[in-house]
Every structure is written in structure tokens, then in C-alpha cells.
J.: 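Quick one: the structure is below, questions incoming.
Worth saying up front: this structure is predicted, and the values here are computed from it rather than measured. Keep in mind that the numbers below use all heavy atoms, side chains included, and drop hydrogens, waters and symmetry copies.
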Amino acid sequence: QVQLVESGGGLVQSGGSLRLSCAASGRTFSTYAMYWFRQTPGKEREFVAGISRSGRYTAYADSVKGRFTISRDNDLNSVYLQMNSLKPEDTAVYYCARDATVRTSVSTEPAIASWGQGTQVTVSS
């Protein structure tokens, strides 16, 4: 089973930037689309961004469009989330996730095969 390890979270002021990274184990990284989700206490985990296995296609939640950018490096088995113009409402635990389905595109409601442990992002006002 693939293991996903996130890094890069932290505390940042409103308007600032952070870059999250997710390193995946195994040899099948380039076979699957990858995603970032986030969760705050008392709320369901929500989709933030997704990227197809080739990196050609991306998808974003409306709340982050124009501010966040997802990318991947299949040679390094890694996926990234560049977060700019951060807002206090972006505060959450961010999770990296691997698609359960082999597809050439990207979904905004994927079934997830594996989750990372999460990294906390806190944006102060």
C-alpha cells in the first residue's frame, strides 16, 4: 500500500504563502491522479485541488481558484500545493490523497485509496 507523507505546513499571516509537499512511496505514483483535501474541526473533509497522472489536467475548489496551484513531479514521486494570498478561512489540516481509480483525467469527487497523515496550516488575521 502506498504511503503518503505531507510536509510544509505552518503558521503564516493573512496574504502570505506556503508550499505543501507530499512524498509517495512505491512504484505506481505516475499511474494515479493525486489530490489535496482539507478539514477543519466539526466539518467534513473537503476537496481542494486535484491533478491528473500526467499533470496535464488540474481541478480546484472555487474557494481556492486563482490562489492555489497543484503540481507534481513523477520522477520524484511528489505532489505539491502552492498556496498564495492565504486567508484565515484557509486554516485547516491539509491531506494528500491518491485516487482509487486509474483515469487519464482528474475528478472533483474521487474515491480515495490512500491518505497522508495531514499537515496543519494556520493563517492568522
J.: Kindly give the heavy-atom pair with the smallest separation between S17 and S85, and that separation in Å.
T.: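 Closest pair (atom of S17, atom of S85, distance): OG-N, 4.4 Å.
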J.: Look only at the side chain of Y80 and the backbone of T69, and say whether a donor-acceptor pair between them is shorter than 3.5 Å.
T.: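 No, because the side chain of Y80 does not come within donor-acceptor range (under 3.5 Å) of the backbone of T69.
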J.: Are the side chain of Y95 and the backbone of Q39 linked by a donor-acceptor contact shorter than 3.5 Å?
T.: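 Side chain of Y95 to backbone of Q39: no pair is present.
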J.: Counting C-beta onward and ignoring hydrogens, is there a side-chain heavy-atom pair between V106 and M34 closer than 4.5 Å?
T.: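 Not touching, per the 4.5 Å side-chain cut-off.
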J.: So, do Q13 and S124 sit near enough that their side-chain heavy atoms are less than 4.5 Å apart?
T.: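 Touching, per the 4.5 Å side-chain cut-off.
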J.: To the nearest 0.5 Å, what is the distance between CD (Q120) and OG1 (T91)?
T.: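 Atom-to-atom, Q120:CD and T91:OG1 are 7.0 Å apart.
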J.: Same cluster or not: I51 versus V2, using hydrophobic residues (I, L, V, M, F, W, Y) connected whenever any side-chain heavy atoms lie under 4.5 Å apart?
T.: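 Yes, I51 and V2 fall within the same hydrophobic cluster.
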J.: I need the minimum non-hydrogen distance between T40 and A92, along with the two atoms involved.
T.: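 For T40 and A92, the tightest heavy-atom pair comes out as CG2-CB, 3.6 Å.
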J.: Checking N77 side chain against G26 main chain: does a donor-acceptor pair fall under 3.5 Å?
T.: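 Indeed, once roles are kept as given, a pair shorter than 3.5 Å links the two residues.
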J.: What are the two closest non-hydrogen atoms of A111 and D99, and how far apart are they?
T.: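 That closest heavy-atom pairing would be O-OD1, 3.4 Å.
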J.: Would you kindly confirm whether W36 and F68 end up in one hydrophobic cluster when ILVMFWY residues are joined by side chain heavy atoms under 4.5 Å apart?
T.: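 Shared cluster, yes.
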J.: Quick one: closest heavy-atom pair of S14 and K87, and the distance?
T.: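 Looking at all heavy atoms of both residues, the closest pair is OG-CA, 4.3 Å.
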J.: Determine whether a donor-acceptor pair (N or O, by modelled atom type, separation under 3.5 Å) exists between the side chain of T101 and the backbone of R103.
T.: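 No: the side chain of T101 does not pair with the backbone of R103.
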J.: Can you name the nearest heavy-atom pair linking V12 to L86, along with the distance?
T.: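 Answer, listing the atom of V12 first, then L86: CG1-CD1, 3.6 Å.
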J.: Check whether F29 and L81 end up in the same hydrophobic cluster, where Ile, Leu, Val, Met, Phe, Trp and Tyr are linked by side-chain heavy atoms less than 4.5 Å apart.
T.: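 F29 and L81: one cluster.
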J.: Taking the side chain as every heavy atom from C-beta outward, state whether V102 and R53 have any pair of such atoms under 4.5 Å apart.
T.: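 V102 reaches R53 side chain to side chain.
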J.: Take the angle between the ring planes of F37 and F47 and call it parallel below 30°, perpendicular above 60°, tilted in between.
T.: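 If you compare the ring of F37 with that of F47, the planes turn out perpendicular.
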J.: Check whether W115 and L4 end up in the same hydrophobic cluster, where Ile, Leu, Val, Met, Phe, Trp and Tyr are linked by side-chain heavy atoms less than 4.5 Å apart.
T.: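 They do not share one cluster, since no chain of ILVMFWY contacts under 4.5 Å joins W115 to L4.
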J.: Please answer: with hydrophobic residues joined when any side-chain heavy atoms are less than 4.5 Å apart, are Y60 and V48 in the same cluster?
T.: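 Yes; V48 is reachable from Y60 via cluster members.
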J.: Do you know which two heavy atoms are closest between S107 and E109, and how far apart they sit?
T.: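 Of all heavy-atom pairs spanning S107 and E109, the closest is OG-N, 2.9 Å.
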J.: Taking atom OG1 of T108 and atom CD of E46, what is their separation to the nearest 0.5 Å?
T.: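 Result: 12.5 Å between the selected atoms.
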J.: I need the R98 CZ to T31 OG1 distance, nearest 0.5 Å.
T.: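 So the gap between those two atoms works out to 8.0 Å.
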J.: Let me confirm one number: the OG1-CZ distance from T58 to R72, rounded to the nearest 0.5 Å.
T.: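 So the gap between those two atoms works out to 12.0 Å.
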J.: Please report the interatomic distance CZ(R19) to CD(Q82), rounded to the nearest 0.5 Å.
T.: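 With rounding to 0.5 Å, CZ (R19) is 6.5 Å from CD (Q82).
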J.: Distance check, rounded to the nearest 0.5 Å: S125 atom OG versus E89 atom CD?
T.: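 It is 10.0 Å, given to the nearest 0.5 Å.
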J.: For a side-chain contact (heavy atoms from CB on, under 4.5 Å) with R38, tell me which candidate from D90, V121, V93 qualifies.
T.: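 Output: one option passes, namely D90.
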J.: Heavy atoms, side chains only, cut-off 4.5 Å: are Q117 and E6 in contact?
T.: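 A side-chain contact under 4.5 Å exists here.
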